[in-house]
Protein chains: 2
Amino acid sequence: MTSLPAMLNTVRAHGLRVSTARRLVLAALLDAGEPLTAEQLAAGGDLASTYRNLETLESIGLVRHVHLGHGPGRYELSGRSAGWAACDTCGRATPLAPPALAAIQRAVREHAGYEAAFTHFPIVGRCEACRT
Amino acid sequence: MTSLPAMLNTVRAHGLRVSTARRLVLAALLDAGEPLTAEQLAAGGDLASTYRNLETLESIGLVRHVHLGHGPGRYELSGRSAGWAACDTCGRATPLAPPALAAIQRAVREHAGYEAAFTHFPIVGRCEACRT
DNA sequence: ATACTTGCAAATGATTTGCCAGTGT
DNA sequence: ACACTGGCAAATCATTTGCAAGTAT
């Protein structure tokens, strides 16, 4: 589901309305190269409504949010990335390639007994560049 | 450094004062079996001062805080645990045994290029029990 | 017409800051 | 004495909630 019309159909399919605000949020997420904050997505409009819309769009599976270290949560289309790693030194986030993610998940499952997706809470550490 | 007097010496060694509030915070952390919130550590006393003391004690390396999923940060003595995994379903946190932690860190380093301690931001996922 | 949505104000939870009185050294 | 601390009020940041007015279907 990578097209705006398809997403709007999903919205209608859930008995929800297609409003200008929702169209704008989805369009902004579609051409964003990274997860955006609610404030960025509100873009001067009403923040509270933006949070409400993001929550609604998450509840129907179109949107997801990730906590990249400290600071506000960031939103993205739910199909966009497999999982995240974030650097707590430079603040940059790296999407994990599916094979790398799978290998890490296997290690976590085997050694800690946890099933971790790293989509909502990423791996936080120091990236290659910041290890100097 | 597992004794209260030793920690108080560290406080003095940094030119800081040993106040009742600081002694109480350190004593509480010493016999806590898990990381505690600032509110728990304030225990009816002044929350703002407690936050300030925790920050001071962190700055001299005695204390550390961890973000176990959503909710307030939690504080622990910095020597206490190697790293954490937290379950976003039941909310429980599991300290990682050093060998398990090392294996996971190796996988993260190899496959993502990140150096992750999991002491400040843990591995968040679903624990064995919650996977039903 | 009738829900569903918006916009604005106000509340909430976690944490920080300003300021002055209090206290460890 | 003097600088470091404590306590209290108020500010800040991210997010949520209440409610009356607006709009998609």
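Proteins come first, then strands; the chains are lettered A, B, ... in the order of their sequence lines, and each starts at number 1. In what follows, every heavy atom counts, from backbone to side chain, and hydrogens, waters and symmetry copies are set aside. Please read these numbers as outputs of a predicted model, since none were measured by experiment.
Annotation: R23(B), atom CZ; neighbour count of heavy atoms from other residues, nucleotides and ligands within 6.0 Å is above 12.
Here R52(B) does not reach the OP1 or OP2 of dT16(C): none of its side-chain N or O atoms lies under 4.0 Å away. Put simply, N53(A) has no side-chain N or O that comes within less than 4.0 Å of OP1 or OP2 on dT5(C). Contact check, S19(A) against dC4(C): no side-chain N or O comes under 4.0 Å of OP1 or OP2. The phosphate of dT16(C) (OP1 or OP2) has no side-chain N or O of Y51(B) nearer than 4.0 angstrom.
Looking at V66(B) and T119(B), their side chains never come closer than 4.5 Å, going by heavy atoms from C-beta outward. Under the 4.5 Å side-chain criterion, counting only non-hydrogen atoms from C-beta, V63(A) is not in contact with E55(A).
When atom types are taken as modelled, the side chain of Q105(B) and the backbone of A116(B) share a donor-acceptor pair closer than 3.5 angstrom.
Rounding to whole angstrom units, NE2 of residue H14(B) and P of dT25(C) are separated by 15 Å. Distance, L8(A) CG to dA24(D) P: 13 Å, rounded to whole Å. Remark: P of dT5(D) and CG of L26(B) are 13 Å apart, rounded to the nearest angstrom. Between the CD atom of Q40(B) and the P atom of dG13(C) there is a distance of 16 Å, given to the nearest Å. Computed from coordinates, the H65(A) NE2 to dA14(D) P distance equals 14 Å when rounded to whole Å. Following rounding to the nearest Å, R12(B) (CZ) and dC4(D) (C1') show an atom-to-atom distance of 14 Å. Here dT25(D) presents its P atom at 8 Å from CZ of R23(A), a figure rounded to the nearest Å. With rounding to whole Å, R22(A) atom CZ is found 11 Å from dC4(C) atom P.
Between R74(B) and L16(B), the residue whose closest nucleotide on DNA chain C is further toward the 5' end is R74(B). Positionally, the nearest nucleotide of DNA chain C for V18(A) lies more toward the 5' end than for the other of E39(B) and V18(A).
The nucleotide whose nearest atom lies closest to any side-chain atom of A48(B) is, among dA9(D), dT25(C), dT15(D), dA9(D). For R17(B), whose side chain is taken as the heavy atoms from C-beta onward, the closest listed nucleotide among dA24(D), dC2(D), dC19(D) is dC2(D). Nearest nucleotide to the D46(B) side chain, out of dA14(D), dT6(C), dG7(D): dG7(D).
Within 4.0 Å (heavy atoms only), S49(B) reaches at least one base atom of the nucleic acid. Using a 4.0 Å heavy-atom cutoff across all strands shown, G73(B) reaches sugar-phosphate atoms only and no base atom.
Note on ring orientation: taking the six-membered ring where Trp is involved, the planes of H67(B) and H70(A) are perpendicular (angle over 60°, cut-offs 30° and 60°).
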